[in-house]
Structure formats: structure tokens, C-alpha cells
Amino acid sequence: MRPVIAVDATHLKCKYKGVLFVANAFDGNRNIYPLAFGIGDLETDASWHWFFSKLHEAIGECPNLVIISDRNISIENVWHNVFPAAQHGICFYHMKGNMKRTFKLKKRDKLLLYFEQAAKSYGIAEFDRHFRKIKGNDEVAQYLESAGLHKWSRAHMDGRRYNVMTTNIAESINSVLRFARMLPVVHLIDEIIKLLVKWFSKRRDFALNCTSTLCPDFGEKKLRHRLECASRMNVVKLNHVEYNVVDGDMDGHVHLTNNTCSCRKFQLEQLPCKHVVAVCRFLKLNVYSMASRYYTRNTWLDAYSDTIYPVQPQELWVIPEDVQSRVVHPPNAKVMPGRRKKLRIPSQGEDIIRRKCSRCSGTGHNKSTCKNNVPLPNVGHTL
């Protein structure tokens, strides 16, 4: 799968507390693919170094690796010690929240929109066009530049982060395990194994039944949309390998030998952009051959080729003598008075989304969990 890993940590809610570390990637169909889980005491330099070391043991040396995280200082301190050849990027959503909190910006402030457009830009010219609008506020512009443009901007990053701009995949895992994180560690691991068994089995069957060349919910869907856009473009042949595609906006200069396009979407996504698709239509080439193997159905199937087995009953375990002789004491944890918190505390600057029930019009729940009484509509009675 694409060598982009999102890492994050979340607090456990059991008696002894602790932190659950997660590392995830995207498979070819844009599903969450868990790579590693770890449990530590706190988010410290030592804990993150241990987790990254174990992650390195699991995946080995991975060329062109990009690690995406929030702005945790411990991650910044240790990631390059374990993955010296990798690139590190910041989740633009966390960066946006930090910017909003630091400068007390409103939810619909135009600076936030310009920042999002700049962060997602593929080309330097496109980035500069949006960033010039941010420079109207010198303090915000200096803040973003001091954080490092290459950290949050796709156009300036030395590595290739594809379309992975946030750590949402790690946040999603934390959300899926929100109830399991209340359990003791052994039961938490059991729940994680059950989740992986379910996901691997379901997605393996889905991949086996897939008949398209690319993964249906991502590569195939994007390419079909670009085929529609390319049908309205004009292609001008410059020489036998270079073509200019007129799209009515910034146009695109495609070089087939170098596999490049001036919009840079082809290079950064490894999936044919609309300009490359237009050239393939013009030359009657197979556009699917231009897509990276990361998006193909065969690679997607390979990702789930191995089987994950549940842990056998403890009576069937074969435990080495040196492990059996160890005595593991519970961690030193101070249990605070009062009921333990179950709901996540949103960080400053984060937008709180309140659900509205379509059944009773109340907030904080939906119709599937609604327990409120709903009055019957006024119906006229005939005597």
C-alpha cells in the first residue's frame, strides 16, 4: 500500500489508565489498514521511541516513507532516530485548529479557508496564489512559516504524501475502540484482534468479488470522474513524448517518458490526472496502465492475503519457562475519585459537531438510539 503512515495516541480509560499508540495506513480502496498497536504509560520521548522501534521491526526499511502526526513534541524528537530516511508531515486539520486557537479566529474566517486551500495545493504556483491571501495577516503568515511549509503543505513536502493530509485514520481507530479502551489490557487486545479478524475477512471477500482493474471505491471512482472531465479537453502535440492539454484553467503539460504533468497531481498521487487521461484518450492508450500498482485490485487482495487467527484458550498455550517465571506487577497508578470520564474532551479550537435526531429533533443522539417520547400528530376524529 502507499507508504504513508498516520500515527497517534489516545488515553485508556481502565483502572490503571495508560496510552494506546496506533499506526495506520490506507489500503488501495481507501480503507483503514492497521499496522501496529502499542500500550505505554504516557506520551513521552521514551514511549514514542519504543513504539517507533517496534513499528520498524514490523515493516522494516520502507523507501519513500512519510509519517503523518499531530504536533506532539515527543514525536518530533524521536521519529528521525528510528526512520532517518523518512519524511515527517503534520496533520493539516490539527494545524488548522492550532491556528484557530492561537489567533482566536472564528469558525468561518477566510484565513482558515485560504490555509486549507494552500495546504491541499499540488503545485507551487497554486500554493503561492492562496498563501498570498494569508500574508495579508503578517502574524498568521509568520506562524505558518515558522512551523515549516514542508510540514503541512503538500506542494512543498520533499516526500510524497499522496492525498493523506490528516491523521483521521488514526482518530477513526481511536473512535472505533472507544468502548474497548474502558476494558483491562488483555480484553482490549482481544477486542482489537476480533476487529481485525472481521475487517480482514470482509475485505478479502470484497476484493475477491471485485471485477475492476483498480479498487472500486477509490482508484476506479476517481479515474471515471477524470475520464468525464478529459472528454471536454483539447490536446496539442508538442513532440512524440510531450503534450499540452487545454482545460480552460491552468492547462497541463504532460511528459509521457518522465510520467509527469505540470499540475503535479500525477506525480504526487501516482494516479493519472485529467490531463494525462486526456492524452491517453488522444493516443488511444490504456489509461489504467498509467496508475500505480498501489491502486490495483491485485495489490489490494495481497494486503489481506494473510489470515488473522483469534487467540486460543489459555489452557492450550505453550509458555516458555523464562516467561512463566516472570512476575508482572500492576503499574503504579493513582486512582482519582469520582466517575471516570468516558467522552473525549475536545481540544481548544476544535469544532464540536452536535448531532440532531431526525425523530424527536433533540441533540446529542440520532434516531437509532433515540429513547424520547414523540407526540402523535393531530388527527381529526370523525364521530
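Between the S325 side chain and the D322 main chain, a donor and an acceptor come within less than 3.5 Å of each other. For W152 (side chain) and L144 (main-chain N/O), a donor-acceptor pair under 3.5 Å exists by modelled atom type. One N or O on the side chain of S146 and one on the backbone of Y143 form a donor-acceptor pair closer than 3.5 Å. In terms of modelled atom types and a separation under 3.5 Å, the side chain of H80 and the main chain of N77 share a donor-acceptor contact. Side chain of R160 to main chain of Q267: a donor-acceptor pair is present (N/O by atom type, distance under 3.5 Å, no hydrogens or angles). Side-chain N or O atoms of N258 include none that pairs as donor or acceptor with a backbone N or O of T260 at under 3.5 Å. No side-chain donor-acceptor contact under 3.5 Å links R204 to the backbone of L301. Looking only at distances, a side-chain donor or acceptor of T166 sits under 3.5 Å from a matching main-chain atom of N168. In terms of modelled atom types and a separation under 3.5 Å, the side chain of S201 and the main chain of K198 share no donor-acceptor contact.
Going from atom SG of C62 over to atom CG of L35 covers 9.5 Å, rounded to the nearest 0.5 Å. With rounding to the nearest 0.5 angstrom, the SG atom of C210 is 13.0 Å from the CG atom of D205. Between L149 atom CG and F131 atom CZ the span is 5.5 Å, to the nearest 0.5 Å. Atom OG1 of T299 and atom CG of N29 lie 12.5 Å apart (nearest 0.5 Å). Between the CD1 atom of I75 and the CG atom of D45 there is a distance of 10.5 Å, given to the nearest 0.5 Å. The distance from atom CD of Q314 to atom CG of L316, rounded to the nearest 0.5 Å, is 10.0 Å.
A heavy-atom distance below 4.5 Å is not found between the side chains of L214 and R297. Put simply, the side chain of V7 reaches to within 4.5 Å of the side chain of F52, judged on heavy atoms. Counting heavy atoms from C-beta outward, L20 and V22 have side chains that approach closer than 4.5 Å. Proximity of I68 to I90: side-chain heavy atoms (C-beta onward) are nowhere separated by under 4.5 Å. The shortest side-chain heavy-atom distance between M233 and V246 does not fall under the 4.5 Å cut-off. The shortest distance between side-chain heavy atoms of F127 and S153 falls below 4.5 Å. You'll find the side chain of K96 reaches within 4.5 Å of the side chain of L112, heavy atoms only.
Using a cut-off of 4.0 Å between Lys/Arg side-chain N and Asp/Glu carboxylate O, E220 and R224 are scored as salt-bridged. With respect to the salt-bridge test (charged N to carboxylate O, under 4.0 angstrom), the residues E126 and K265 do not qualify.
For NZ of K54, the number of neighbouring non-hydrogen atoms (other residues, nucleotides, ligands) closer than 6.0 Å is 12 at most. For H253, the NE2 atom is densely surrounded, since the number of other residues' heavy atoms within 6.0 Å is greater than 12. The number of heavy-atom neighbours closer than 6.0 Å to NE2 of H11, taken from other residues, nucleotides and ligands shown, is 12 or below. Within 6.0 Å of CZ on R359 lie more than 12 heavy atoms contributed by other residues, nucleotides or ligands.
Side-chain atoms of S47 and D41 include a donor-acceptor pair closer than 3.5 Å. At a cut-off of 3.5 Å, with distance as the only test, no side-chain donor of S175 or S172 sits close to an acceptor on the other residue. Looking at T296 and N298, their side chains never bring a donor and an acceptor atom within 3.5 Å of each other. Side chain to side chain, N239 and E242 meet the donor-acceptor criterion of an N or O pair below 3.5 Å. Of the N and O atoms on the side chains of D247 and H275, at least one donor lies less than 3.5 Å from an acceptor on the other residue. Side-chain polar atoms of W317 and Q312 form no donor-acceptor pair below 3.5 angstrom.
Cation-pi geometry between R203 and W199 is met: under 6.0 angstrom from the ring centre, within 45 degrees of the axis.
Partner of E269 under the salt bridge (Lys or Arg N to Asp or Glu O under 4.0 Å) criterion, chosen from R264, R226, K274: R226. None of N64, D27, N163 except one satisfies the side-chain hydrogen bond (donor to acceptor under 3.5 Å, both in side chains) rule with R2; the exception is N163.
Under a hydrophobic clustering in which Ile, Leu, Val, Met, Phe, Trp and Tyr are joined whenever their side-chain heavy atoms come within less than 4.5 Å, directly or via other members, Y288 and V279 fall into different clusters. The same ILVMFWY cluster, assembled from side-chain heavy atoms under 4.5 Å apart, contains both M157 and I5.
Under the ring-ring contact (aromatic ring centres under 6.0 Å, His included) criterion, F282 pairs with no residue, sequence neighbours left out. Partners of K194 by salt bridge (charged side-chain N to carboxylate O under 4.0 Å, His left out), not counting sequence neighbours, listed by chain and number: E191. Residues forming a salt bridge (charged side-chain N to carboxylate O under 4.0 Å, His left out) with K120 (at least two apart in sequence, or on another chain): E116.
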| request: Decide side chain to side chain donor-acceptor pair (under 3.5 Å) for T10 and R181; before the verdict, give the C-alpha distance in whole Å, the side-chain angles of both, and the deciding distance to 0.1 Å. | output: CA-CA 9 Å; T10 184; R181 286 189 277 122; 3.2 Å; yes
| query | Please walk me through it: do K151 and E76 pass salt bridge (charged side-chain N to carboxylate O under 4.0 Å, His left out)? | reply | CA-CA 11 Å; K151 290 284 188 179; E76 186 66 41; 3.4 Å; yes
| task | Begin from the C-alpha positions of F218 and F26 and carry the test ring pair (Phe, Tyr, Trp, His ring centres under 6.0 Å) through to its verdict. | result | CA-CA 11 Å; F218 189 66; F26 274 124; 7.9 Å; no
| request: Please report the C-alpha distance between F200 and Y33 in whole Å, then the side-chain angles of each, then the deciding distance to 0.1 Å, and finally whether the ring pair (Phe, Tyr, Trp, His ring centres under 6.0 Å) criterion is met. | output: CA-CA 9 Å; F200 268 59; Y33 192 95; 5.6 Å; yes
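Aromatic rings of W300 and Y295 (six-membered ring for Trp) have centroids beyond the 6.0 Å cut-off, not under it. Ring centers of F206 and Y304: at least 6.0 Å apart, outside the cut-off.
Contact detail for A291 and L271: the closest heavy-atom pair is CB-CD1, 3.8 Å.
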